[in-house]
Amino acid sequence: MKSIISFQDVTKRFGALTVLDHFNFDVSPGEKVTLIGPSGSGKSTVLRILMTLEPFQEGVLELAGISYHQPHGHGPFRANERHLHKIRSNVGMVFQSFNLFPHMTVLRNIIEAPIAVLKMKREEAESRAVELLGMVGLLDKKDHYPSQLSGGQQQRVAIARALAMRPRVLLFDEPTSALDPQLVGEVLGVIRDLAHEHDLTMLLVTHEMRFAREVSDRVCFFDKGRIVEQGEPERFFSAPEQPRTREFLGSILNA
Ligand SMILES: Nc1ncnc2c1ncn2[C@@H]1O[C@H](COP(=O)(O)OP(=O)(O)OP(=O)(O)O)[C@@H](O)[C@H]1O
Ligand SMILES: [Mg+2]
C-alpha cells in the first residue's frame, strides 16, 4: 500500500549539528508506529518536521500524497504558506505540555481551529466537540478553563482538540511524560482507544514500553538520527537483535 508518510533521504541540521542524515522512513495509512530512543536522538525533530514546525535542508517529505522538498540542497527550505497549510491540514499533534489556550474554556479550545481554519459552522463545531469530549470522558468539563483541570484532563482535552481538525495522521510527543504517575493511565487509555480507529495513522514517541507494546503495529528504535532496529512489538521487545537496542531497553527497564 502506498505510504501516507514518507521521508526520503531527509537531512536536517541545526547549524553545525546534523540531526537527521539522509533519513528514510515510511508509514502506511492506518499504521500505529512508536518511536523510542535516547534523549537527543531526533525523535521530536521527526514529528516537528511532519507538523511543518521545522524546515529541513535536503531530501523529500511526502505526507498524504503531498510532497515537499528542498531542490537545491542548501538553505532552509520554506514551501509557500499555502503549500504548508495544505500539508499541515492532514496532521495533528499532541505535545508533552498540553498547550491549551488558558483564557478559553475547554469547549472553545476545541472549536476554535475548526471554525477559524476549516471554516466550520459554530453549531457543527460544537456538536463535534461535544462528541469528542464524550469520547475522552470530559463532557462535564466543557465550560471549565484549563487551569481548573488536572494535567491528565488537560491532555485529554488536547487530544480532543487535535482530533477536531480531522487529521489523517496524529502525532504524539511523549504525551504522558509531564504527568503525575497516577494520571498517566487515563491518557494512555484514551490513546489506546484511538489506536483502534483503523483509518487514523498514529506516530507516537513514548517511554512507556508496555504501552508501546500494546498499541503499536511497529516499534522503531531511533538513535543518532537513524532507525537502528524496527519490528513488530512482540518480536522487538522479546528478541531485540541489535546490541544498541538491547542496551537501551535494558537501561529503560532498570530505570
Ligand atoms: N531548535 C533547535 N536548535 C538547535 N538544536 C536543536 C533544536 N531542536 C533540537 N535540537 C537538537 O537536535 C537534537 C535532536 O533533538 P530532538 O528534540 O529531536 O531529540 P529527542 O529524541 O526528541 O530527545 P528527547 O527524548 O530528549 O525529547 C538534539 O541534539 C537537540 O539538542
Ligand atoms: Mg523529544
Side-chain angles (χ1 to χ4, degrees), residues 5-27 32-59 61 63 68 70 74-79 84 87-88 91-99 151 154-155 158-159 162 169-181 184 187-188 191 202-213 215-216 218-230 233 236-237 240 242 244-255:
I5 295 170
S6 181
F7 283 80
Q8 297 159 15
D9 279 325
V10 168
T11 293
K12 165 69 184 170
R13 297 185 203 95
F14 289 109
L17 176 73
T18 301
V19 178
L20 302 178
D21 188 7
H22 297 277
F23 178 60
N24 289 289
F25 179 53
D26 279 80
V27 178
K32 324 298 174 201
V33 179
T34 40
L35 286 182
I36 63 173
S39 181
S41 56
K43 306 177 300 293
S44 295
T45 301
V46 168
L47 300 193
R48 290 175 55 81
I49 287 174
L50 281 168
M51 196 62 198
T52 72
L53 296 171
E54 288 288 348
F56 51 92
Q57 281 76 37
E58 288 169 39
L61 175 61
L63 190 70
Y68 89 104
Q70 151 62 314
H74 51 79
F77 171 70
R78 304 291 301 170
L84 284 183
I87 294 165
R88 204 181 295 135
V91 199
M93 186 155 170
V94 175
F95 299 86
Q96 182 176 343
S97 53
F98 332 117
N99 291 340
Q154 290 184 54
Q155 190 62 305
I159 294 170
V169 175
L170 194 50
L171 310 171
F172 292 89
D173 196 356
E174 302 193 33
T176 59
S177 53
L179 297 176
D180 291 337
V184 167
V187 173
L188 294 184
I191 301 173
M202 287 172 37
L203 191 50
L204 303 109
V205 174
T206 183
H207 293 295
E208 304 276 346
M209 296 300 138
R210 198 162 59 126
F211 172 72
R213 191 172 188 143
V215 302
S216 24
R218 173 160 54 120
V219 181
C220 299
F221 172 58
F222 203 77
D223 192 22
K224 300 195 179 79
R226 286 178 187 277
I227 292 173
V228 172
E229 178 167 359
Q230 56 183 314
F236 182 93
F237 288 112
Q242 299 296 325
R244 192 64 199 91
T245 314
R246 285 202 286 266
E247 188 189 321
F248 177 76
L249 291 176
S251 72
I252 288 254
L253 296 175
N254 293 329

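Both counts, for ligands and for their atoms, begin at 1 and track the order of listing. Since this is a predicted model, take the numbers as computed values, not measurements.
Between F25 and F7, the ring planes are tilted. Angles from 30° to 60° get that label.
The atoms of ligand 1 that sit less than 4.0 Å from any heavy atom of T45 are 14 (C), 15 (O), 16 (P), 18 (O). Counting the atoms of ligand 1 from 1 in the order shown, those under 4.0 Å from a heavy atom of L17 are 11 (C), 12 (O), 29 (O). For ligand 1, the atoms closer than 4.0 angstrom to any heavy atom of E174 are 25 (O), 27 (O). Numbered from 1 in the order shown, with element, the atoms of ligand 1 that lie under 4.0 Å from a heavy atom of S44 read 17 (O), 18 (O), 20 (P), 22 (O), 27 (O). Near G40, meaning under 4.0 Å from any of its heavy atoms, are these atoms of ligand 1: 13 (C), 14 (C), 19 (O), 20 (P), 21 (O), 23 (O), 24 (P), 26 (O), 28 (C), 29 (O). Close contacts of ligand 1 with P38, meaning ligand atoms under 4.0 Å from a residue heavy atom, involve 21 (O).
The backbone N or O of Q242 sits less than 3.5 Å from a side-chain atom of E229, completing a donor-acceptor pair. The backbone N or O of P240 sits less than 3.5 Å from a side-chain atom of R246, completing a donor-acceptor pair. In terms of modelled atom types and a separation under 3.5 Å, the side chain of Q155 and the main chain of T176 share no donor-acceptor contact. Under a 3.5 Å cut-off, the side chain of T11 and the backbone N or O of H22 do form a donor-acceptor pair. With hydrogens and angles ignored, the 3.5 Å screen pairs no side-chain donor or acceptor of K12 with any backbone N or O of Q57. In terms of modelled atom types and a separation under 3.5 Å, the side chain of K32 and the main chain of A212 share no donor-acceptor contact.
Distance remark: protein heavy atom present below 4.0 angstrom from atom 9 (C) of ligand 1. For atom 12 (O) of ligand 1, the nearest protein heavy atom lies closer than 4.0 Å.
The single protein non-hydrogen atom nearest to atom 25 (O) of ligand 1 is K43 NZ, 2.8 Å, given as residue, atom name and distance. Among all protein heavy atoms, the one lying closest to atom 6 (C) of ligand 1 is F14 CD1, 3.3 Å.
No side-chain heavy atom of T34 sits less than 4.5 Å from a side-chain heavy atom of F211.
In summary, the aromatic rings of F248 and F222 are positioned with their centroids too far apart to meet the 6.0 Å limit.
Remark: ligand 1 and S39 share an N or O pair separated by less than 3.5 Å (distance only, no angle test).
Counting heavy atoms under 4.0 Å from ligand 1, residue V19 touches it through the side chain alone.
Not a single N/O/S atom of Q96, whether from backbone or side chain, sits less than 2.8 Å from the Mg ion (ligand 2).
Under a 4.0 angstrom heavy-atom cut-off, G37 registers as lying outside contact with ligand 1.
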